[in-house]
Amino acid sequence: MRKANRKLESERNRAAKFKRRTKSDAKQVKNEEKITNECESTEKEEEGACSVNHGQTNRRRRFQLPFWLRKPPFIRSSCRSFAGGAEQPSHMPLRSLRRANLWHLLHLPSQPQPLQPSVTHQPFQPRVPGNKRIFSEFNNSNSSANPTQLRWKPMDAPDSPTDFIDGLSTVCGSGSSFMRHGYAIHMYAANKSMENCAFCNADGDFLIVPQQGRLLITTECGRLKVSPGEIAILPQGFRFSVNLLDSPSRGYVAEIFGTHFQLPDLGPIGANGLAAPRDFLVPTAWFENKSYPGYTVVQKFGGELFAAVQDFSPFNVVAWHGNYCPYKYDLSKFCPYNTVLFDHSDPSINTVLTAPTDKPGVALLDFVIFPPRWLVAEHTFRPPYYHRNCMSEFMGLIHGGYEAKADGFLPGGASLHNCMTPHGPDTKSYEATIDRGNDIGPSKITDTMAFMFESSLIPRISQWALESPFLDQDYYQCWIGLRSHFTETETCHENQP
Ligand SMILES: O=C(O)Cc1cc(O)ccc1O
Ligand SMILES: [Fe+2]
């Protein structure tokens with residue numbers, strides 16, 4: 001016990017040193033930095049990251065957190081009692097394994113305004129108006145089982161002022177945020193920035209895929225500018241506000257309950273390839289030091305919206321460190337893998353992030369991309385094969401075209417091929433591929449960025465999505481006219497017993 005106290009004491013001394021160093025570094029800060037430069041690269045999963053804002057908005061300096069502070073220095077309970085100006089959104093149930101520990105320490109300003117921990121707000125009330133199109137518990141009151149191949153055309157911009165919260169609509173999903181198992185897939189269409197309010201998702205983590213319009217997402221850890229072609233991850237419990245840098249704006253959101261995204265294991269691929277840890281960027285600490293009478297925190301809790309009023313901005317964090325934080329990733333940094341001789345690789349080869357279940361190798365939700373790449377396979381039907389899958393596949397298109405769909409699958413649109421529902425290239429793509437013959441050389445797929453949210457849990461489809469005017473009623477017709485090009489030759493029988 002004495003040994004443990006000594007260890008805690010020495011950690012405290014180190015933390016005090018860390019604070020002193022922060023102050024002296026602040027004096028040297030000269031240059032102004034722009035939002036675009038605010039993100040820092042971190043191999044966050046292994047060691048954690050830190051960011052300090054030295055007190056003046058737009059004047060900040062980054063520094064590398066010393067190794068000893070990248071690991072959680074305190075046990076959970078001491079984190080909360082450490083220093084008057086710190087707050088910890090934690091993602092560690094008390095009995096978690098240490099290696100699974102996700103932690104975060106926010107340093108709140110104590111000067112010139114008094115400490116404002118996030119608890120200083122009026123009671124939560126149901127938010128009026130709510131958003132009846134979102135939910136987080138999938139059952140027959142809000143969604144249906146449907147094995148049909150489904151496709152949606154891109155949504156129009158809203159015709160009345162709509163921010164990110166009001167522009168969210170649940171398309172499909174499975175399980176329950178209450179049970180901490182499952183996921184929801186939403187789409188958003190917005191034409192105005194969130195004003196005087198922040199969003200906080202108590203249900204799960206958001207993976208946001210903007211398709212049209214850049215977003216400036218202000219979080220408690222700093223700001224992330226996220227353009228189409230990039231993705232942002234907002235973990236459960238962080239407050240954030242979405243400003244539209246371009247209007248209108250639309251995109252896709254995967255929400256996962258009870259787990260977090262991680263990089264897939266590389267297995268036989270080895271050290272290099274797919275998404276590199278160094279390309280995941282975390283924000284630089286950023287705060288606004290002003291009072292905000294009537295500021296509202298909108299909390300999504302059990303799929304319903306609640307609102308709590310406070311008189312200050314929740315973005316009042318001057319420094320933070322931890323490995324539980326918002327981050328972003330540029331999909332063009334992804335290093336795709338593919339077949340180099342024959343056959344067609346399963347799309348899992350291009351998994352950017354995966355949210356695991358308790359069963360090894362079985363994903364709650366994989367985020368997979370189909371980026372520009374060379375196709376070189378010989379004697380192979382190169383587009384996706386016709387298939388039925390035990391996983392359910394929701395696809396979206398960020399820009400360009402998708403190799404398996406010559407028509408109808410448009411940027412901003414979506415498709416859902418549920419568990420064991422047959423699908424594959426449309427007739428036009430199939431015929432074009434057959435026409436090209438067997439012996440074509442390398443060809444490059446350019447101007448494309450499609451993605452897939454793939455899950456082992458079978459999604460139910462929301463009423464909103466099934467009744468949507470953007471549902472493509474004629475989707476099934478894209479496979480009409482598929483015919484066999486098989487010609488029987490004598491050699492076909494040679495291998496028969
Ligand atoms: O259905 C789809 O278009 C996605 C997909 C692509 C691919 O190359 C292989 C399998 C698969 O499900
Ligand atoms: Fe598929």
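This structure is a prediction, so every number in the text was calculated from the model and none was measured. Whatever order the structure lists them in is the order used to number ligands and atoms, beginning at 1.
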**Request:** Would you check, one step at a time, whether the test side-chain contact (heavy atoms from CB on, under 4.5 Å) holds for Phe240 with Phe206?
**Result:** CA-CA 11 Å; Phe240 65 92; Phe206 269 179; 4.0 Å; yes

**Sub-4.0 Å atoms of ligand 1 with respect to non-hydrogen atoms of Glu393** = 1 (O), 2 (C), 4 (C), 12 (O)

**Prompt:** Which protein heavy atom lies closest to atom 12 (O) of ligand 1, and at what distance to 0.1 Å?
**Reply:** His387 NE2, 2.6 Å

**Asked** Does ligand 1 have any atom that is closer than 4.0 Å to a heavy atom of Pro347?
**Response** yes

**Message:** Under 3.5 Å, is there a donor on one side chain and an acceptor on the other for Asp330 and Ser332?
**Reply:** yes

**Nearest heavy-atom neighbours spanning Phe135 and Thr170** = N-OG1, 3.2 Å

**Message:** Is there a polar contact between ligand 1 and His423, counting only N or O atoms under 3.5 Å apart?
**Reply:** yes

**Asked** Can His344 be said to touch ligand 1, with heavy atoms closer than 4.0 Å?
**Response** yes

**Request:** Answer yes if the ring centres of Tyr430 and His485 are under 6.0 angstrom apart, and no otherwise.
**Result:** yes

**Asked** Under 4.0 Å between a Lys/Arg side-chain N and an Asp/Glu carboxylate O for Arg483 and Glu431?
**Response** yes

**Prompt:** In the shown structure, where waters are left out, how many protein N, O or S atoms lie under 2.8 Å from the Fe ion (ligand 2)?
**Reply:** 4

**Asked** Could Lys405 and Asp426 be called an ion pair, given the rule that one side-chain N must be under 4.0 Å from one carboxylate O?
**Response** no

**Atom CG of Asn272 with >12 non-hydrogen neighbours under 6.0 angstrom** = no

**Message:** Counting the benzene-type ring for Trp, do Phe451 and Tyr252 have ring centres under 6.0 Å apart?
**Reply:** yes

**Request:** Ignoring angles and geometry beyond distance, decide whether His417 reaches within less than 3.5 Å of ligand 1 through its nitrogen or oxygen atoms.
**Result:** no

**Message:** Using heavy-atom distances only, which candidate in Phe409, Phe451, Tyr402 approaches atom 6 (C) of ligand 1 most closely?
**Reply:** Tyr402

**Message:** Suppose I only count heavy atoms of Tyr385 and a 4.0 Å limit; which atoms of ligand 1 are within that range?
**Reply:** 9 (C), 10 (C)

**Request:** Report yes if the distance between the aromatic ring centroids of Phe178 and Phe257 is under 6.0 Å, otherwise no.
**Result:** no

**Item:** Within-shell test, Met395 vs ligand 1, heavy atom, strictly < 4.0 Å
**Value:** yes

**Prompt:** With sequence neighbours excluded, what pairs up with Tyr337 under the ring-ring contact (aromatic ring centres under 6.0 Å, His included) test?
**Reply:** none

